[in-house]
Amino acid sequence: MSELRVRFAPSPTGYLHVGGARTALFNWLLARNKGGTFILRIEDTDVERSTRESVDAILEGMKWLGLEWDEGPFYQSDYFPLYKGYVQKLVTAGKAYRCYCGAEELDAKRNLAMAEGRKPKYDGCCRDLVAQPDDQPHVIRFRAPQNGATSFDDLIKGTITFPNEELDDLIIQRTDGTPTYNFCVVIDDATMSITTVIRGDDHVNNTPRQIQLYEALGFPVPQFAHVPMILGADKARLSKRHGATSVIAYRDMGYLPEALLNYLVRLGWSNGDDEIFSLEEMIQKFDINNVGRSASVFNTEKLNWLNAHYIKNSDPEGLADLLKPHLIARDLSTHNGPDLVAVIKTLQERSQTLEEMADRALFYYKAPTVYDEAALAKFDKELLLAVFAAVMEKLSSSSASDVAAIDALFKEVCSEAGWKMGQVGQPVRIALSGGTQAPGIGEIVVTLGVAETVRRIGAARDFVAGR
RNA sequence: GUCCCCUUCGUCUAGCCUGGCCCAGGACACCGCCCUUUCACGGCGGCGACACCGGUUCAAAUCCGGUAGGGGACGCCA
């Protein structure tokens, strides 16, 4: 076990989205790669917006992806007294002070500054107040250094430097006495001995302020690694209008966790030309230094390709369990019909998602009641009737039970009657599945069973004959 | 507006640190061809990028400067 300690710290104001999932994944990967510790911390200092449902949704997403944490989940709301103590410590040391400016007043100043093209930072009007009564509404501000610069060596972005004059005295405790985010992260990361902070790009601007806090409190400053954003197809920050962003939504759309993980790890990170990574390979090869510096666009097409890959290479028994919810959602029971595992084997090579697989599996359990008319129209009625009759006859008098034998049977039918395979296979496919997009004839027949096959062909024959 | 960051095929990226092997490699998508009883899988091939302008150098995707574009932050949100 190395000294490395990382954490994933989502705020429970929504579900676990793909961006957060990737951040969590990078943290998890680094911890597993270095034999470190991965901590889950829920940042719920905003009591107003944090919800239990969001916490549950995040935990559900983490578990589905298999990103197991070693410590936690810790809730910041459980540590308010701790934060308060540190706030007091800063006030006593003169490194923080009470500010009596009202929120509206501050808003007005900020808007005015923006409108006039000035930087909208706090003007420091309460900074040197002599009288600091405790019985009037106030927030606590951190007295930030005003000269010099604060810089850090980001593991992903390199050295980043901020002039201190750009930073103002940030609020560390609200009027209601609760601590704010920027203060809590510092206290938590310090007291939890976090050595490496991996988080979204949108936090770079907070980093210098936090570093100043670490220094004021006498804490060692951790290393930082800011991962770039994930964008939508229009290169704007990924949001719901780009489609699904929740990892649970991806589960429901029929994606495998290993596929999502594989897709996410390649979004921003690479290992030469490698594309497919098992969990073990990811852990072994992951290196935070190989994470790119620029934002990347979420591309569902590639996710689909990966998902198809994992579906193809998963064992059908495991797939059966994962597929069931999708079948149930279609009111489909697999009790009266072919073995689900056998069905899945015929569908693995042609499904990009479990949803697609469920759709394709439908016909095995529900005999077609309508047929693809356009496809049927390509054959003469007489040919159709002759083919159906010949196939039923051949099948009924044979004991063939494997795909190769069934295929051989169809070849016999063709050669005996002088038909081409297309003239026989396609009509039978339509008879069995209702349409033209289906697994190979031999596969369907074997999976469905000869009896059911003959029954369906008979039904199709009656349908054609009755037209 | 101010500050911070980013910029290689449509997309994800390799290469950049340690200039020449790069008239830039891989993958997804797309387009052909092959395989084939459909749909797929698979195989083969094709299309397609170093944002721009200067500089340094015998030589620049790689180093330096600038421009443009994009993103992020500027909250008593996280």
Side-chain angles (χ1 to χ4, degrees), chain A residues 9-13 43-46 48-50 76 99 101-103 106-107 110 113-121 137-141 154 157-158 160-163 165-168 170-176 178-182 184-185 199-208 226 228-229 231 233 235-237 263 266-276 290 292-306 308 312 347-352 360 372 375 407 410-411 414 420-430 433 435-442:
Chain A
S11 67
T13 52
E43 311 236 310
D44 57 353
T45 50
D46 186 346
E48 298 282 296
R49 289 199 266 179
S50 301
Q76 290 189 320
C99 170
C101 299
L106 255 17
D107 271 354
R110 194 161 31 237
M114 286 267 230
E116 292 179 352
R118 290 181 289 115
K119 13 187 148 177
K121 52 181 271 192
H138 65 272
V139 298
I140 307 279
R141 283 185 188 271
D154 194 278
K157 306 216 172 222
I160 299 179
T161 304
F162 288 83
E165 58 182 316
E166 290 299 326
L167 281 16
D168 58 5
L170 86 169
I171 292 171
I172 57 178
Q173 188 180 95
R174 303 184 181 94
T175 305
D176 65 4
T178 58
T180 59
Y181 164 76
N182 276 107
C184 298
V185 249
R199 78 223 309 192
D201 219 348
D202 46 343
H203 287 283
V204 265
N205 294 277
N206 291 326
T207 309
H226 289 97
M229 307 263 87
L231 312 174
K235 304 238 179 181
R237 191 186 193 139
Y263 178 70
R266 281 286 291 109
L267 211 51
W269 175 77
S270 61
N271 184 260
D273 287 336
D274 298 349
E275 294 289 350
I276 307 289
N290 287 134
R293 290 165 300 281
S294 54
S296 33
V297 174
F298 192 89
N299 181 224
T300 308
E301 299 291 338
K302 188 159 185 179
L303 206 210
N304 286 342
W305 171 71
L306 279 165
K312 258 178 285 182
L347 264 19
Q348 276 177 284
E349 301 247 305
R350 32 205 131 215
S351 306
Q352 288 198 310
R360 287 174 177 274
D372 183 333
D407 283 344
F410 275 82
K411 289 209 170 70
C414 285
K420 292 195 185 320
M421 197 57 201
Q423 294 175 290
V424 178
Q426 198 68 330
V428 171
R429 188 187 323 284
I430 296 167
S433 73
T436 59
Q437 299 186 15
I441 286 293

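Throughout, protein chains are lettered first and strands after them, A, B, ... in sequence-line order, and every chain is numbered starting at 1.
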Looking at Thr45(A), I'd like to know whether one of its side-chain N or O atoms comes within less than 4.0 Å of OP1 or OP2 on A78(B). yes
From Asp407(A) atom CG to Met421(A) atom CE, the distance as rounded to the nearest 0.5 Å: 6.5 Å
Phosphate oxygens OP1/OP2 of A14(B): is one of them under 4.0 Å from a side-chain N or O of Ser270(A)? yes
Please check the phosphate of G75(B) (OP1 and OP2 only) for any side-chain N or O of Arg49(A) closer than 4.0 Å. no
Among U37(B), C12(B), C39(B), the nucleotide that comes nearest once only the side chain of Arg266(A) is considered: C12(B)
Base, sugar-phosphate alone, or nothing: which one does Gly102(A) contact when heavy atoms must sit under 4.0 Å apart? base
Please determine, for U56(B), whether a Watson-Crick or G-U wobble partner exists with both distances under 3.5 Å, and give it or none. none
From the list A40(B), C16(B), A78(B), which nucleotide is the closest neighbour of the side chain of Asp46(A)? A78(B)
Nearest-nucleotide wise, let me know which of Ser11(A) and Asp201(A) is further upstream toward the 5' end of RNA chain B. Asp201(A)
Can you check whether Arg237(A) has a side-chain N or O nearer than 4.0 Å to OP1 or OP2 of A73(B)? yes
Please measure how far the P atom in G43(B) lies from the corresponding atom in C28(B), and state the result in whole Å. 9 Å
Across the strands shown, which category fits His226(A) at heavy-atom distances under 4.0 angstrom: base, sugar-phosphate, nothing? nothing
If you assign Ser296(A) and His138(A) each to the RNA chain B nucleotide with the nearest heavy atom, which residue ends up on the more 5' nucleotide? Ser296(A)
Would you please classify the geometry between the Tyr181(A) ring and the His203(A) ring as parallel, tilted or perpendicular, with 30° and 60° separating the classes? tilted
Quick one: pull up CZ in Arg237(A) and CG in Asp202(A) and give me the separation to the nearest 0.5 Å. 5.0 Å
Picking from A78(B), U11(B), C3(B), which would you name as closest to the side chain of Val297(A)? U11(B)
Please work out whether C41(B) sits syn or anti, treating a glycosidic angle within 90° of 0 as syn. syn
Under a plain distance cut-off of 3.5 Å, with no hydrogens placed, do Ser433(A) and Arg429(A) share a side-chain donor-acceptor pair? no
Given U13(B), U38(B), C6(B), which nucleotide is nearest the side-chain atoms of Ser294(A)? C6(B)
Kindly compute the distance separating NZ (Lys312(A)) from CD (Glu349(A)), expressed to the nearest 0.5 Å. 6.5 Å
What is the pairing partner of C3(B), taking Watson-Crick or G-U wobble pairs with both distances under 3.5 Å in any strand? G72(B)
Look only at the side chain of Thr180(A) and the backbone of Ile171(A), and say whether a donor-acceptor pair between them is shorter than 3.5 Å. yes
Out of U7(B), A29(B), C76(B), minimum distance to the side chain of Thr175(A) belongs to C76(B)
Counting only side-chain N and O atoms of Lys235(A), is one of them less than 4.0 Å from OP1 or OP2 of U11(B)? yes
Look at the side chain of Lys119(A) and decide which nucleotide, out of A78(B), G72(B), U2(B), has an atom nearest to it. U2(B)
Tell me which nucleotide among G71(B), U7(B), C28(B) gets nearest to the side chain of Asn299(A). C28(B)
Within the structure shown, what part of the strands sits under 4.0 Å from Asn206(A) by heavy-atom distance: base, sugar-phosphate, or nothing? base
Phosphate oxygens OP1/OP2 of G42(B): is one of them under 4.0 Å from a side-chain N or O of Lys312(A)? yes
With a non-hydrogen cut-off below 4.0 angstrom, is Val424(A) in contact with a base, only sugar-phosphate, or nothing? nothing
Within the 4.0 Å heavy-atom criterion, would you say Gly435(A) contacts the bases, only the backbone, or no part of the nucleic acid? nothing
Please give the nucleotide sitting opposite C30(B) as a Watson-Crick or G-U wobble pair, both distances under 3.5 Å, or none. G46(B)
Applying the Watson-Crick and G-U wobble criteria at under 3.5 Å, what pairs with U62(B)? Answer none if nothing qualifies. none
At under 4.0 Å between heavy atoms, what does Ser433(A) touch on the DNA or RNA strands: base, sugar-phosphate, or nothing? nothing
For Lys119(A), is there an ion pair with Asp168(A) - N to carboxylate O distance below 4.0 angstrom? no
Out of G75(B), A78(B), C74(B), which has the shortest distance to the side chain of Pro120(A)? C74(B)
Nearest to the side chain of Met114(A), heavy atoms from C-beta on, is which of G1(B), U38(B), A78(B)? G1(B)
What is the nucleic acid contact for Glu275(A), judged by heavy atoms within less than 4.0 Å: base, sugar-phosphate only, or nothing? base
Just call it for Ile441(A): base, sugar-phosphate, or nothing, with non-hydrogen atoms closer than 4.0 Å on any strand. base
Determine the interatomic distance between C1' on U2(B) and the same-named atom on C63(B); round to the nearest Å. 30 Å
Give me the distance, rounded to whole Å, that separates C74(B) from A60(B) when you measure between the C1' atoms they each carry. 38 Å
For Phe162(A), report the nucleic acid contact type (base, sugar-phosphate, nothing); a contact means any heavy atom under 4.0 Å. sugar-phosphate
For C16(B), give the paired nucleotide (Watson-Crick: N1-N3 plus N6-O4 or O6-N4; G-U: N1-O2 and O6-N3; both under 3.5 Å), or none. none
Could you please name the partner base of A24(B), counting Watson-Crick and G-U wobble pairs only when both distances are under 3.5 Å? none
Does Glu116(A), at its CD atom, have more than 12 non-hydrogen atoms belonging to other residues, nucleotides or ligands within less than 6.0 Å? yes
For Pro439(A), report the nucleic acid contact type (base, sugar-phosphate, nothing); a contact means any heavy atom under 4.0 Å. base
Does any nucleotide pair with A78(B) by Watson-Crick or G-U wobble geometry, both distances under 3.5 Å, and what is it? none
When you measure from the side chain of Ala438(A), which nucleotide among C6(B), C4(B), U38(B) comes out closest? U38(B)
Polar side chain donor-acceptor pair, Thr207(A) to Arg199(A), under 3.5 angstrom: yes
So what does Asn304(A) touch, heavy atoms closer than 4.0 Å: a base, only the sugar-phosphate, or nothing? nothing
Taking a pair as Watson-Crick or G-U wobble with both distances under 3.5 Å, which nucleotide is matched to U38(B)? none
Rounded C1' spacing from A61(B) to U18(B) in Å: 16 Å
With sugar-phosphate meaning primed atoms plus P, OP1 and OP2, does Thr178(A) contact a base, only sugar-phosphate, or nothing at under 4.0 Å between heavy atoms? nothing
